[in-house]
There are 2 protein chains.
Amino acid sequence: MITGDASYIKKINRSLIIREILREEMISRADLSKITALTRATISAQVSDLLEEELVVETQLEHNSVGRKPIMLSLNGHAGYALGIDLDFGQVSFTLSNLLGSPVSSEIIRIHTNNYAEILELLILNITKYQKEFSDSRYGIVGIVVAIHGLVSNDEIIQYVPRFHWKNVNLKSDLEKAVGVEIHLENNANLSSFAERVFIHHETDNLLCTTLYSGIGLGMMMNNKFFRGHDGFAGEIGHMIIVPGGKPCTCGNEGCWEKYASETSVFEYLSETKSMSNITYEQIQQWMNEDDSDVYEIMEQFIYYLSIGLNNMINIYNPDVVVIDSELLRIYPDSLNKIHQNLHSQISHYRELTLSTIGKKSCVLGACALAISHFLDVPILNLPYKD
Amino acid sequence: MITGDASYIKKINRSLIIREILREEMISRADLSKITALTRATISAQVSDLLEEELVVETQLEHNSVGRKPIMLSLNGHAGYALGIDLDFGQVSFTLSNLLGSPVSSEIIRIHTNNYAEILELLILNITKYQKEFSDSRYGIVGIVVAIHGLVSNDEIIQYVPRFHWKNVNLKSDLEKAVGVEIHLENNANLSSFAERVFIHHETDNLLCTTLYSGIGLGMMMNNKFFRGHDGFAGEIGHMIIVPGGKPCTCGNEGCWEKYASETSVFEYLSETKSMSNITYEQIQQWMNEDDSDVYEIMEQFIYYLSIGLNNMINIYNPDVVVIDSELLRIYPDSLNKIHQNLHSQISHYRELTLSTIGKKSCVLGACALAISHFLDVPILNLPYKD
DNA sequence: TTGTATTAGTTAGTTCATTAAACAAATTAA
DNA sequence: TTAATTTGTTTAATGAACTAACTAATACAA
């Protein structure tokens, strides 16, 4: 049970201070005191710890107002590194960032296996390599987070990864035994939503991010925490039934949303209509340029069903910001406007609906950011996004 | 901004201690110390405050084990009263409870108006009456909570009450000006979910409660907080589209869930089929006793569409406990089993699905409990339910 | 150039709630 | 009657925040 004592309040205030430094990027002790309502004495004491730990650095800036010149404080991005890993079907992405979330190194490794042991070995090999390579800096690699494209329960055990056919595997424990440091697993949609919040939408405390690729994933940041549900399986919105008695789904029901509004469903319709397999985004782009009527019809239907699900999602969650991550919508002209026009219910309340600007790499960037947030012991952070 | 200081620690620990006293109903200082991991000295100091404030009373119980006999502590239910008000269409219910949530007085007043000013006056009149009548006891009436059958935003302004045709009214402020004490407004489904958690489902930190009367309401308790969404409008699940291009709804969309799975929808179907208006529950009960096939068909369809929506709700929220409050399901034989059988998806995860045992009065009891929780400054409480 | 106002940051001492440890009280069982 | 055990209180120490007074550095005006 968490009880209050002196060290607990110090932790609370430290977390607040780090959070403000990151939010403002550069800020003086005096301004920290004003924002947090902690006294300048308290701020000084806490900052002195942070300087000692090399997590914060001081800078003298030009200043042209009356009074003593403030000493600006900022987070020391060079104190360590965070490693984000995206364990996707067919490829594993590794991104190493500094403590400010700026990528330092990125690499994508193709894999041609679903075998757990083989993939585990590949992960161990690469993590060890990064650990050796980046042991300079005060703290070295401060955290590792792996994105899982499937169900991860609250105890970080992988319950199910559809495309790998993995069920109930303890990757966290297997990795930790091999590399000797703490590893965290997180669902890919959750990490995308974290990235959208941390790198882009700095002002919201309520963000949904839906990813429309092989299925439909939903990640949610609410009051600066993931919304996970009781076991960690919340956001399985792809299996929301929107057509009673509709197409059968592997989940055992009929008429699930992702049978109508995932990119996979669009590719399937196109393959059928065009009698063509292995259709690429480039091919679709070309058809769109040519005003192909089949593609138009299929895309319009995609947007129709997508809007129904979005309407439901918005009524259910009453979000502030909704981010959609879909390559097809990015290339289809005027797609966002069309969706907006479909969301005309009196009840639906949201402030902003956008297409993701980060795109597919949001997942691995979110993993880096989550590792940083664990290390700094702050529930949320604002980091600059440099494209 | 909330920062940590000594008084904040004390508040945290006090809240923990009160919560444990309520959970255990009777507990000694020594056991409180074991459960909370606070030292006995700390517990003694805090309890001494609570005794001074008459919020806690000591009892000597029989004891037959070795060592000094413990002094049992329990919450002093007689220190004050909580007033819950259910502002429903056609009637206003007032329930006054003691600090342990036991009703002391209950009264239902029929109203024949939707006029805001008239209803406001009625509320003021009655609140003032209760204040005078129950000013004995150490604290008198410690809190007043009003249940609103409509949208209440996070700043406690009534956005919309469909059946009263109220839009954007500030009942909280109008009442507070007139009666001179703090008043809180809360959505009725939220209060029902609070009551289910506080009086019945003591062990869960994740509960959904759906009310199927005029429309479909959804209240959610997650990690001992209401799940409200960004503005307070989350849980508008009745307007989830489950039949694309289906029946038109007042919200501006077509095929909303509450057009198929609210009790109102059942009454409408029955009225049409039986060519009869003003159908009562007693009438339906009689038809059911006679194995009426029209009623059977309509009820089976109700359960079919209800299950679709429940499936969606469960996939989206991954709840621990789901409580359904519906009089029709209570009287229809085997209804719960039929719903269970419809929820066969691989993805759906929930632990328990039940019909409400508290029923319609959950809303006003939840209002009392919420007033108590505000007064004691504990986010959640366990109270005994005495039918 | 000098003094004054202003802002930034530090230092000394106080306050408050916790903890640890010793103690007092009350009870069972040998 | 004594030992063992458990409950609850007292006392001193600790830690982190606070207040208040200080030093430092700067702009600006006389």
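Worth knowing before you read on, the calculation uses all heavy atoms, side chains too, and leaves out hydrogens, waters and symmetry mates. We name chains A, B, ... by the order of the sequence lines, and we start the count at 1 in each one.
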Which residues satisfy the ring-ring contact (aromatic ring centres under 6.0 Å, His included) test with A:H374, sequence neighbours excluded? A:H184
By a strict heavy-atom criterion of less than 4.0 Å, which residues belonging to residues 19-34 of chain B are in contact with DNA chain C? none
Enumerate the residues from residues 373-381 of chain B whose closest heavy atom to DNA chain C is under 4.0 Å, giving them by residue number; use none for an empty result. none
Could you tell me whether A:Y139 and A:F375 have their ring centroids closer than 6.0 angstrom? yes
Between [N] ([atom2]) and [X] ([atom1]): distance, integer Å:
X	N	atom1	atom2	result
A:L50	D:dA16	CG	P	13 Å
B:E58	D:dT7	CD	P	15 Å
B:Y8	D:dG15	OH	C1'	18 Å
B:L61	D:dT7	CG	C1'	14 Å

Is it true that [X] and [Y] make a salt bridge, defined as a side-chain N closer than 4.0 Å to a carboxylate O?
X	Y	answer
B:E186	B:R228	yes
B:E24	B:R19	no
A:R29	A:E58	yes
A:K34	A:E20	no

Mind checking A:I71 for me? I need base, sugar-phosphate or nothing, with any heavy atom below 4.0 Å counting as a touch. sugar-phosphate
Sequence neighbours left out, what pairs pass salt bridge (charged side-chain N to carboxylate O under 4.0 Å, His left out) with at least one residue falling in residues 40-50 of chain A? A:K10-A:D49
At a cut-off of 3.5 Å, list every protein nitrogen or oxygen paired with a nitrogen or oxygen from nucleotides 15-22 of chain C, distance to 0.1 Å.
residue : atom : partner : partner atom : Å
C:dT18  : OP1  : B:N13   : ND2          : 2.9
C:dT18  : OP1  : B:Q46   : NE2          : 3.1
C:dT19  : OP2  : B:T39   : N            : 3.4
C:dT19  : OP2  : B:T39   : OG1          : 3.2
C:dT19  : OP2  : B:T42   : OG1          : 2.6

Cut-off 3.5 Å, side chains only: do B:N154 and B:D231 have a donor facing an acceptor? no
Side chains of A:D377 and A:S15: any donor to acceptor distance under 3.5 Å? no
Separation between CG of B:L51 and CD1 of B:I71, rounded to the nearest 0.5 Å: 9.0 Å
Distance-only, no hydrogens or angles: does the B:T36 side chain make a donor-acceptor pair with backbone N or O of B:L32 under 3.5 Å? yes
Pick out the pairs of N or O atoms, protein on one side and nucleotides 23-25 of chain D on the other, that lie under 3.5 Å.
residue : atom : partner : partner atom : Å
D:dA25  : N3   : A:R68   : N            : 3.3

Just checking A:E52: does its CD atom have more than 12 heavy atoms from other residues, nucleotides or ligands closer to it than 6.0 angstrom? no
Before giving the answer on salt bridge (Lys or Arg N to Asp or Glu O under 4.0 Å), spell out for A:E203 and A:R197 the whole-Å C-alpha distance, their side-chain angles and the decisive distance to 0.1 Å. CA-CA 8 Å; A:E203 293 314 313; A:R197 166 61 187 79; over 6 Å; no
